[in-house]
Amino acid sequence: MVKINIEGKLLEVEPGSSIKDALRKLDPKLAKKTVIAISDGKKLDLGHVPGEDIGIKPVTSDDSLALDVLNHSTAHIMAHAIQRLYPDTKFAIGPAIEEGFYYDFDTRSTITFQDLPKIEKEMKRIIKKNPKFEKKEVSKKQAKSIFSDNPYKLELIEGIEEDRVGIYTTGDFVDLCKGPHIPTLAKIGAFKLLSIAGAYWRGKEENKMLTRIYGTAFYSKEDLDAYISRLERAKESDHRKIGKELDLFSFHDEAPGFPFFHPKGMVLINNILDYWREEHKKEGYEEIKTPMILSNELWKTSGHWENYKDNMYFVEIDQAEYAIKPMNCPGSNLIYRSRQHSYRELPIRYPEIGLVHRHEKSGVLHGLFRVRNFTQDDAHIYCTEAQLEEEITRIIKLIARMYDVFGFNEYHVELSTRPPKRIGSEAIWDKSEALLEKIIKENKLDYKVNEGDGAFYGPKIDFHIKDCLDRTWQCATIQLDFSTPEKFDLAYVGKDNAKHRPVMLHRVVLGSLERFIGILTEHYGGNFPAWLAPVQMVVLPISEKFEQYARNIYSRFEDEGFRAEFDNRVESLGKKIREAELNKVPYMVVIGKNEQQTQTLTIRTKSGRDIKEIRIDRFIGMAREATSKKKMDL
RNA sequence: GCCCGUGUAGCUCAGAUGGUAGAGCAUUUCCAUGGUAAGGAAAAGGUCAUCGGUUCAAGUCCGAUCGCGGGCUCCA
């Protein structure tokens, strides 16, 4: 008899019984819900037959881990279907990913998006037949002979450390796979193939381009529907769509990757910057501005010429080479170096709203998220080593405060440590990594460590914010830099009257202003809070008869400094309201007979609250409260 | 950069199998003076991304270029 310990419950089963058999014996209901089992950290198929006593933990379909298994199994079924439809196909890898799965394969046929329904149909046919996932463990040599005509699998087998590898067979489809898989295809409640794309084998540009099909699977149709509707909502809030609809910004063939901001988009930029300057002034920052074109000599000094050349644009002036700045730090350093500094001045905080240009490959451009020129809300802080902790803590607090105003209450940080290619002594790295980690802990930030992902000159903390659709975006970063001060020979005079080297901090809060506006647009779905809204209120006279009174109201709003519009077109009220709604104007001010008689206003807010016959002073107070306090709702 | 898709009026999109372009919205003008998401009518608006090729004939077929979209190490 074999003893199986299922989460503390001991069970004895006949030798040769599978985990599923054991579970059935213990609790048939549980057995039905269980997808895989975990034993000693190892994920096992339910069909697994324990050779000796074992302790297991069943994983049911409610578990997120079970969803990965389902997705992975569905990837196999897709590959199976593709093999049937395109027999010459050689399969590469097909993992489960965060929100689904994909499979990469090499085929002579050209498969397009239009072919996906056909593949789905074939998959359904396979699922209906419900072949079992049969696992076999074979030696590497055997595996190689099984996949002898598939260079991708051969390469994968080569890379596997263990002596024996897993082979899964479903019907007439055989795949190299460590598993585990769902016990029956009936578990696939619903799936959908989502998109098709090219993907380099192992993600490397020098490798062959394979065909990748993305899909997603769920245990229930409801879950799939919820997922699809979330995708649709994301599509609705796409900043490229909203940007066009709200007349915020545009892109033109004449300048690929270089965004154009329209008057309404500029309102966003300017309001964000006003707020940004206010916060930075409080923190003792003194703004600077450096030129966009600087001599190549400078970029050679900074190391950018050597490390960043491919991403830079160059111009020739009077037979000399100049570069368009991809970063702001060298310019800032020149200002620092323009005179001597005393230790009494430190820390010096130089923020710069700097427009940088970086060459990005044409294929990676993406709305405001990936552009070729953007405005960094940069700052360079020159301080002593002893001041680092306080400075970094202050930046973290500043970031938290500013994110809160935009409604990003959820974020985590990532600490990136020393990369393989780096400068500076190990002692300095030890010290600075430990310092950053200590500060992160002291500030109780949710964090994870990215080993080896730091800049060559120092470790960094990156901030990832979560938007209302649960997507995360890296915005703020704080980078420690011991190297640049050296390269630029930056110095300050210490108490001892000797020259010392300052330490430098590079940091951004919003990151790229352009990108941040893209993120905000999607986060708010275009419904900007009143303090940011390009148009804060629109005055809507019901007919021309009330135009004069309405115009007075409108002028009053203008005088009070609000961004108001006056819709005195000869159109029906319904139409004016509709357009104001589509333009996502926070306050609609309706003026008709009643309002004129009582010298009041009727307000329809974007948030759905209506206010009847309010006096103008009261409404102005209300609107002022919402804007000055940067309230999220009206 | 690479793979697949795509590019028609300011916007959103129709235009099998090739026979010199259509709708809705927006715009302009006129009528209706209107009470909370489109009142009615008319007009104007396009070298069908660009260049080249096939053809008697190209928005449509072929090629190139440019732009845009989905992707391009979440590893059996």
Side-chain angles (χ1 to χ4, degrees), chain A residues 68 71-72 75-76 79 91-104 106-107 110-116 140 143 147 150 152-162 165-168 174-179 194-214 235 238 240-241 244-245 247 250-257 310 359-367 540-547 569-583 588-596 602-606 608 610 612:
Chain A
D68 286 352
N71 273 302
H72 185 202
H76 272 246
F91 293 93
I93 56 166
I97 54 175
E98 217 169 87
E99 301 197 315
F101 62 86
Y102 66 78
Y103 216 119
D104 283 354
D106 185 1
T107 176
T110 302
I111 301 177
T112 69
F113 187 74
Q114 274 78 28
D115 297 316
L116 298 187
K140 272 195 191 174
F147 295 105
N150 183 326
Y152 308 104
K153 297 292 179 193
L154 288 177
E155 196 180 317
L156 292 171
I157 294 166
E158 208 58 60
I160 293 172
E161 282 176 19
E162 295 85 42
V165 299
I167 303 281
Y168 274 85
V174 182
D175 202 358
L176 175 74
C177 179
K178 69 180 165 197
L194 299 168
S195 63
I196 185 157
Y200 296 106
W201 165 237
R202 306 214 138 179
K204 294 207 180 85
E205 245 172 274
E206 58 273 18
N207 287 345
K208 188 166 184 191
M209 177 67 72
L210 305 175
T211 305
R212 171 176 296 182
I213 295 180
Y214 283 95
K235 209 172 161 192
D238 189 313
R240 292 165 299 187
K241 180 172 182 280
K244 204 182 273 181
E245 286 166 358
D247 200 15
S250 59
F251 287 91
H252 302 271
D253 291 1
E254 289 83 350
D310 292 346
H359 181 69
E360 300 283 358
K361 289 179 186 172
S362 61
V364 304
L365 300 176
H366 183 99
L540 310 173
I542 283 170
S543 84
E544 281 167 285
K545 287 181 198 150
F546 317 107
E547 180 164 341
R569 294 174 306 163
V570 278
E571 293 290 353
S572 67
L573 180 66
K575 183 158 182 166
K576 291 178 185 181
I577 298 257
R578 178 181 153 81
E579 283 185 19
E581 287 285 353
L582 292 175
N583 288 324
M588 284 154 262
V589 181
V590 179
I591 305 292
K593 194 171 154 196
N594 303 340
E595 289 76 16
Q596 188 169 36
T602 292
I603 311 296
R604 173 180 164 123
T605 65
K606 184 75 191 68
D610 288 357
K612 289 232 161 69

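Letters A, B, ... are given to chains in the order of the sequence lines, protein chains preceding strands, and every chain is numbered from 1.
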Report the residues that fulfil side chain to side chain donor-acceptor pair (under 3.5 Å) with [X], sequence neighbours left out, ordered by chain and then residue number.
X	value
Glu162(A)	none
Asp238(A)	Arg240(A)
Glu547(A)	Arg551(A), Asn568(A)

Select base, sugar-phosphate, or nothing to describe what Phe113(A) touches, counting heavy atoms under 4.0 Å on all strands.
-> nothing
Any ion pair linking Arg212(A) and Asp104(A) (charged N to carboxylate O, less than 4.0 Å)?
yes
Per atom distances to the Val590(A) side chain, the nearest of U36(B), U33(B), C72(B) is U36(B)
Contacts of Tyr214(A) meeting ring-ring contact (aromatic ring centres under 6.0 Å, His included) (sequence neighbours excluded), chain-then-number -> Tyr102(A)
Hits for ring-ring contact (aromatic ring centres under 6.0 Å, His included) against Tyr200(A), two or more places apart or cross-chain, chain-then-number order -> none
Which pairs, protein N/O on one side and nucleotides 9-12 of chain B N/O on the other, fall under 3.5 Å?
| from | atom 1 | to | atom 2 | distance (Å) |
| --- | --- | --- | --- | --- |
| U12(B) | OP1 | Lys244(A) | NZ | 3.0 |

Contacts of Lys606(A) meeting salt bridge (Lys or Arg N to Asp or Glu O under 4.0 Å) (sequence neighbours excluded), chain-then-number -> Glu581(A)
Its contact letters, B for base, S for sugar-phosphate only and - for none at protein heavy atoms under 4.0 Å, make nucleotides 61-69 of chain B read ------SSS
All N/O contacts under 3.5 Å from nucleotides 40-45 of chain B to the protein, with atom names and distances to one decimal?
none

Contacts of Asn207(A) meeting side chain to side chain contact (heavy atoms under 4.5 Å, CB included) (sequence neighbours excluded), chain-then-number -> Trp201(A), Arg202(A), Lys204(A)
Listed range with range, the stems formed with RNA chain B by at least 3 consecutive Watson-Crick or G-U pairs (under 3.5 Å) are B:1-7 with B:66-72, B:10-13 with B:22-25, B:27-31 with B:39-43, B:49-53 with B:61-65
Protein-nucleotides 26-29 of chain B N/O pairs under 3.5 Å:
| from | atom 1 | to | atom 2 | distance (Å) |
| --- | --- | --- | --- | --- |
| A26(B) | OP1 | Lys575(A) | NZ | 2.8 |

